[in-house]
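Scroll down for the structure; my scribbles are underneath it.
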2 protein chains.
Amino acid sequence: MSLNKDGLNKKISIAVIRRLPRYYRYLADLLRMDITRISSKELSQRMGITASQIRQDLNCFGGFGQQGYGYNVELLYREIGNILGVSDRFTTIIIGAGNMGQALANYENFEKRGFTLIGIFDINPQIIGKKIRNVEIKHMNEMDDFCRDNHVDIAILTVPYQNIPEVAKKVASLGIKGLWNFSAMDLKLSYDDIIIENVHLSDSLMVLGYKLNERRKAEETKKAEEARKSEEVREAGEAKKAE
Amino acid sequence: MSLNKDGLNKKISIAVIRRLPRYYRYLADLLRMDITRISSKELSQRMGITASQIRQDLNCFGGFGQQGYGYNVELLYREIGNILGVSDRFTTIIIGAGNMGQALANYENFEKRGFTLIGIFDINPQIIGKKIRNVEIKHMNEMDDFCRDNHVDIAILTVPYQNIPEVAKKVASLGIKGLWNFSAMDLKLSYDDIIIENVHLSDSLMVLGYKLNERRKAEETKKAEEARKSEEVREAGEAKKAE
DNA sequence: TAGATTGTTAATCGATTAACAATC
DNA sequence: TAGATTGTTAATCGATTAACAATC
């Protein structure tokens, strides 16, 4: 539970939390454009949400704005960064250095957002020893020692479907508290002090497929409707002629 | 808009749609375990949601179950697959064959879910000509011709931040209707017949960071509370002694 | 038939939006 | 001071959950 501005425990809804990184990105864009202040109204137009929602969201954490002025972009950026723990530096390891694991290891944005990659593990001898952004891929059986010697906050799991239960159990036993799971299997662990974010890329792609189909269907319906109407007009014309 | 079971246009909420791929995955798991029937109650326990929600969700599309019996797993799996258009086969191209692009190109799950990769494009001469799962990486300037010769439903964008506006415009001009955007920039296009899914991996990671911090804070508060209490007990003991 | 479980309506809950007094 | 815009309360909207009659 987070302390809100009155120092009271107030549970902040997950819907609000999930919007914070998006605010953070938009504010970074504004900074890049040298925009120093912004009103909830203008931000709402850029982001495609209501100004009300922005003010409501931000006020879960404190009054970051100023009446008649709006919000100072840099201050707000820093505040949201603090809420998200960007400056807290989380240490991460990647387990599974296949395509996805390597892609994530190369993703420099994570560094900027407070996540430091300190280890990569796999079992494939062909890639062990290879370095990605100065981090060497090690064999899985070195992971125990590594985690004893280094504090690890988050394990990023990009191992195949069938290996997930075993790897998750191992990771839990090593005292790692955060799991970012890219495996196709939803991960649930009975240890209630472990926090898991499951990522299912293909879910998002399937939603896109659904929307495309809906659009296509709507267009077909529209076309059929138009065809029907023009047919009506034609028939009416013929009927008139026949009179 | 989807036709519901009464043949009426009923707008189905995006919240429901976004849960469908998850149902689909769980049903695939059940099939793999040779489970042929399931009740909303049992499925709810597996998935960690309410049985009410499952029945409510499924009934947006039709009565797939049977009173007293539950749902036939295979039938339900197929029905949800149809709703999501799994059998409709969407053709896709990947633009940007960096680490993420190549990782996605190698992701065999997409094939299973109805997405066929037919092209990969990049500008890096070092990787042009390389084949991923039998699809050759071509130069971006071949994309126009390619899209004229082949119908493309979806473009998967994994190009760097600064290139996104230009690439998106190009893609729109080629008549591609679905964009799956992995760039760090939110994509919005003014063409209202183009459908976009923005994916922001680091957003999800930041939410994980937030939750870890909350957990840590809660534990610290608890510890401080316990320390305070044991201090009270000690003081009470001393006060008694002093009497 | 009795038991189980759906489909569906009604009740509840929570999230979003609107409105406006406070204030810079 | 006048204008702008926040912080915050109240109203609305939509999504989730509960309940139960229908029915396999």
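First the proteins, then the strands, lettered A, B, ... as listed; each starts at 1.
Partners of B:R32 by salt bridge (charged side-chain N to carboxylate O under 4.0 Å, His left out), not counting sequence neighbours, listed by chain and number: B:D29. Here A:T36 pairs with nothing under the side-chain contact (heavy atoms from CB on, under 4.5 Å) rule; sequence neighbours left out. Applying the side-chain hydrogen bond (donor to acceptor under 3.5 Å, both in side chains) test to A:Q66 and every residue at least two apart in sequence or in another chain returns nothing. Checked against salt bridge (charged side-chain N to carboxylate O under 4.0 Å, His left out), B:E226 has no partners two or more places apart in sequence or in another chain. Residues meeting the side-chain hydrogen bond (donor to acceptor under 3.5 Å, both in side chains) test with B:R46, sequence neighbours left out: B:E42. Taking B:K169 as the reference, nothing meets the side-chain hydrogen bond (donor to acceptor under 3.5 Å, both in side chains) condition, with sequence neighbours excluded. Residues forming a side-chain hydrogen bond (donor to acceptor under 3.5 Å, both in side chains) with A:D88 (at least two apart in sequence, or on another chain): B:N213.
At whole-Å resolution of the value, CG in A:L75 and P in D:dT6 are 14 Å apart. Between the CG atom of A:L58 and the P atom of D:dT5 there is a distance of 16 Å, rounded to whole Å. Nucleotide C:dG14 holds its P atom 16 Å from the CD1 atom of A:I12, rounded to whole Å. Atom NZ of A:K11 and atom P of C:dA15 are 11 Å apart (whole Å). Look at CG on B:N59: it is 15 Å from P on D:dT16, rounded to the nearest Å. A:Y71 has its OH atom 6 Å from the C1' atom of D:dT6, to the nearest Å. Rounded to whole angstrom, the span from the CE atom of A:M47 across to the C1' atom of C:dT16 amounts to 15 Å. Taking atom CD1 of residue A:I54 and atom C1' of nucleotide D:dG7, one finds them 14 Å apart after rounding to whole Å.
The cationic atom of A:R37 (NZ for Lys, CZ for Arg) lies less than 6.0 Å from the six-membered ring centre of A:Y69 and within 45° of the ring axis.
When each of A:G68 and A:S13 is assigned the nucleotide of DNA chain C bearing its nearest heavy atom, the one mapping closer to the 5' terminus is A:S13. Residue A:Q53 is the one, among A:Q66 and A:Q53, whose nearest nucleotide of DNA chain C lies closer to the 5' end (criterion: closest heavy atom).
Dashed line: the shortest gap from a side-chain N or O of B:R19 to OP1 or OP2 of D:dT16 is under 4.0 Å.
Salt bridge A:E220/A:R216: present, at least one basic N to carboxylate O contact under 4.0 Å.
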For nucleotides 18-21 of chain C, give me every protein contact, N/O to N/O, under 3.5 Å, one pair per line with atom names.
residue: C:dA18; atom: N7; partner: A:S52; partner atom: OG; Å: 2.5
residue: C:dA19; atom: N6; partner: A:R55; partner atom: NH2; Å: 3.1

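In DNA chain C, the stems built from three or more successive Watson-Crick or G-U pairs (distances below 3.5 Å) are C:3-24 with D:3-24.
Within residues 33-43 of chain B, no residue has any heavy atom closer than 4.0 Å to DNA chain D.
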Identify every side-chain donor-acceptor pair in residues 193-202 of chain A under 3.5 Å, counting partners at least two apart or on other chains, and give the distances.
residue: A:D193; atom: OD2; partner: A:K177; partner atom: NZ; Å: 2.8
residue: A:E197; atom: OE1; partner: A:R18; partner atom: NH1; Å: 3.4
residue: A:E197; atom: OE1; partner: B:S204; partner atom: OG; Å: 3.1
residue: A:E197; atom: OE2; partner: A:R18; partner atom: NH2; Å: 2.7
residue: A:E197; atom: OE2; partner: B:K211; partner atom: NZ; Å: 3.1
residue: A:N198; atom: OD1; partner: A:N181; partner atom: ND2; Å: 2.8
residue: A:N198; atom: OD1; partner: A:L187; partner atom: N; Å: 3.0
residue: A:N198; atom: ND2; partner: A:L187; partner atom: O; Å: 3.4
residue: A:H200; atom: NE2; partner: A:D186; partner atom: OD1; Å: 2.5
residue: A:H200; atom: NE2; partner: B:R25; partner atom: NH1; Å: 3.0
residue: A:S202; atom: OG; partner: B:R113; partner atom: NH1; Å: 2.8

Side-chain donor-acceptor distances from residues 48-55 of chain B under 3.5 Å, at least two apart:
residue: B:T50; atom: OG1; partner: B:Q53; partner atom: N; Å: 3.1
residue: B:R55; atom: NH1; partner: B:S40; partner atom: OG; Å: 2.9

